[in-house]
Novice: 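Take a look at the following structure, please.
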Protein chains: 2
Amino acid sequence: MSDKDLRATSRALPIALLRARETVMAQIRPMLADTGVTEQQWRVLRVLAEDGGMDPTDIAEKSCLLLPSLTRILKFLEENALVTRKRHETDGRRHVVEITDKGRGLIDRNAPASNRIYAELEKSFGTKKMNRLLDLLDELAHLKL
Amino acid sequence: MSDKDLRATSRALPIALLRARETVMAQIRPMLADTGVTEQQWRVLRVLAEDGGMDPTDIAEKSCLLLPSLTRILKFLEENALVTRKRHETDGRRHVVEITDKGRGLIDRNAPASNRIYAELEKSFGTKKMNRLLDLLDELAHLKL
DNA sequence: GCAATATGATTAACATGTTAAATATAAACG
DNA sequence: CGTTTATATTTAACATGTTAATCATATTGC
């Protein structure tokens, strides 16, 4: 392949990652539709349920969102009483966000369905391959460049 | 793990795919900034350069875009003379989109930089693992569910 | 031929992605 | 102490993601 030609799109990593994600999300979206929150809002709630209260910067990092997106998402979640937000006690620049009981309830109600979907996906794809894929993705994500 | 608990976000496939993609795109974005088109516009041009003229439905499929997004993207590309659009000769519902010389020039000018980035990524991650990852992603994307 | 249905594409509405600029508070430093 | 610099968050502007509705043209079945 000359350096002037591009590889086939089928072997382009960004597109391959997108396509795989699309297949996975197609399975998950019906469940999300039931929750009443978007995929991203769901991710934020999950992160907060998993790790407790934290500031927007950490939430963004853990939920794979950029801060401007997160600002809007937190606004929605707060207006719907799924999270609370208060100033950091000692650092006036920072905020502390916590999930509410209502938010936790939303997670708990939908966790079984989410796990069911995941189990089917793993069964269909193969546990071994799934773990191998997750390992490779994790390694790629943490690649030092 | 109880069915009421969710897996750790670090082992959640949608998030793992996102994080890996973010690492890859961080390498590619500076190049894209030089091209003057967005990531999605670049994908559309690549697909058209690779496979020739086709209708929006096929472009959307190959470039991993939804039709409403593609409609706006084609509008931009056409306004900037990077693609042309005409009616299908026999089917009035369909359009045929083709890349222009200007569009092809944009691709050609940036292909070497793109390939350079990809080569570095592959060198750092390992050719074998890269191919294994692409294979797994392709298999996942085509999973029958 | 014509009504019913299907298909290709666009539009609408709202949420998010992305980059740059703005705002507010802290920390550093002379 | 006040000025500069750094950090946390938000706002702004524009592009895209997502679902539902709409519009135009084709196809089907009667």
Side-chain angles (χ1 to χ4, degrees), chain A residues 14-15 17-19 21-22 24-26 28-45 53-61 63-80 82-83 85-97, chain B residues 14-15 17-19 21-22 24-26 28-45 53-61 63-80 82-83 85-97:
Chain A
I15 292 182
L17 289 164
L18 263 188
R19 288 185 176 147
R21 190 160 195 281
E22 181 49 35
V24 174
M25 289 314 300
I28 297 177
R29 281 201 192 95
M31 180 274 285
L32 281 173
D34 286 341
T35 67
V37 297
T38 66
E39 178 195 338
Q40 293 84 348
Q41 291 161 2
W42 171 257
R43 280 214 304 278
V44 170
L45 290 177
M54 68 185 96
D55 63 33
T57 298
D58 287 342
I59 298 174
E61 159 71 26
S63 60
C64 270
L65 293 166
L66 295 178
L67 274 171
S69 296
L70 184 59
T71 294
R72 291 173 296 213
I73 290 167
L74 290 178
K75 182 170 180 292
F76 173 91
L77 293 176
E78 192 178 16
E79 283 170 358
N80 287 274
L82 297 167
V83 307
R85 185 154 41 166
K86 54 186 176 192
R87 288 234 152 182
H88 192 279
E89 294 190 357
T90 60
D91 187 339
R93 293 167 303 184
R94 297 165 64 189
H95 288 173
V96 178
V97 181
Chain B
I15 292 182
L17 289 164
L18 263 189
R19 289 185 175 147
R21 191 160 195 281
E22 181 50 34
V24 174
M25 290 313 300
I28 297 177
R29 280 199 193 99
M31 181 274 284
L32 281 173
D34 285 341
T35 67
V37 297
T38 66
E39 177 193 338
Q40 292 85 348
Q41 292 162 0
W42 172 257
R43 281 213 303 278
V44 170
L45 290 177
M54 67 184 94
D55 63 33
T57 299
D58 287 342
I59 298 174
E61 159 71 26
S63 59
C64 271
L65 293 166
L66 295 179
L67 273 172
S69 295
L70 184 59
T71 294
R72 292 173 295 212
I73 290 167
L74 289 177
K75 182 170 181 292
F76 173 91
L77 294 176
E78 193 178 16
E79 284 170 356
N80 288 273
L82 297 168
V83 307
R85 187 156 38 167
K86 54 187 177 192
R87 289 233 152 185
H88 191 278
E89 294 189 358
T90 61
D91 188 339
R93 294 168 301 185
R94 298 166 63 190
H95 288 171
V96 177
V97 182

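Note on naming: letters A, B, ... go to the chains in the order of the sequence lines (proteins, then strands), and numbering restarts at 1 for each one.
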Novice: Quick one: are B:Gln40 and B:Phe76 in side-chain contact, heavy atoms under 4.5 Å?
Specialist: no
Novice: Would you check if A:His88 and A:Asp55 make a side-chain contact, meaning some heavy-atom pair closer than 4.5 Å?
Specialist: no
Novice: What is the distance, to the nearest angstrom, from the CE atom on A:Met54 to the P atom on D:dA8?
Specialist: 15 Å
Novice: Are the charged groups of A:Arg21 and B:Glu22 less than 4.0 angstrom apart, N to O?
Specialist: no
Novice: Separation of B:Ile28 atom CD1 from C:dT19 atom P, in whole Å?
Specialist: 13 Å
Novice: Do the side chains of A:Met54 and A:Val97 get nearer than 4.5 Å, heavy atoms only?
Specialist: no
Novice: Compare every heavy atom of A:Leu70 with every heavy atom of A:Ala60, then report the nearest pair and how far apart it is.
Specialist: N-CD2, 3.7 Å
Novice: What I'd like to find out is whether the side chain of A:Leu32 reaches to under 4.5 Å of the side chain of A:Thr38, using heavy atoms alone.
Specialist: no
Novice: Which letters describe nucleotides 11-21 of chain D, given B = protein heavy atom under 4.0 Å from base, S = only from sugar-phosphate, - = neither?
Specialist: BBB-SBBBBB-
Novice: How about A:Leu45 and A:Thr35: do any of their side-chain heavy atoms sit closer than 4.5 Å?
Specialist: no
Novice: Whole-Å distance between D:dT9 C1' and A:Ile59 CD1?
Specialist: 12 Å
Novice: Let me know the distance between NE2 of B:His88 and P of C:dT7, rounded to the nearest Å.
Specialist: 16 Å
Novice: If only side-chain N and O atoms of A:His95 are considered, is one of them under 4.0 Å from the OP1 or OP2 phosphate oxygen of D:dT10?
Specialist: yes
Novice: Side-chain N or O of A:Arg94 less than 4.0 angstrom from OP1 or OP2 on D:dT10?
Specialist: no
Novice: Base, backbone or nothing for each nucleotide of nucleotides 22-28 of chain C, written B, S, -, heavy atoms under 4.0 angstrom, 5' to 3'?
Specialist: ---BS--
Novice: Which pairs with one or both residues in residues 63-76 of chain A pass salt bridge (Lys or Arg N to Asp or Glu O under 4.0 Å), sequence neighbours excluded?
Specialist: A:Lys75-A:Glu79
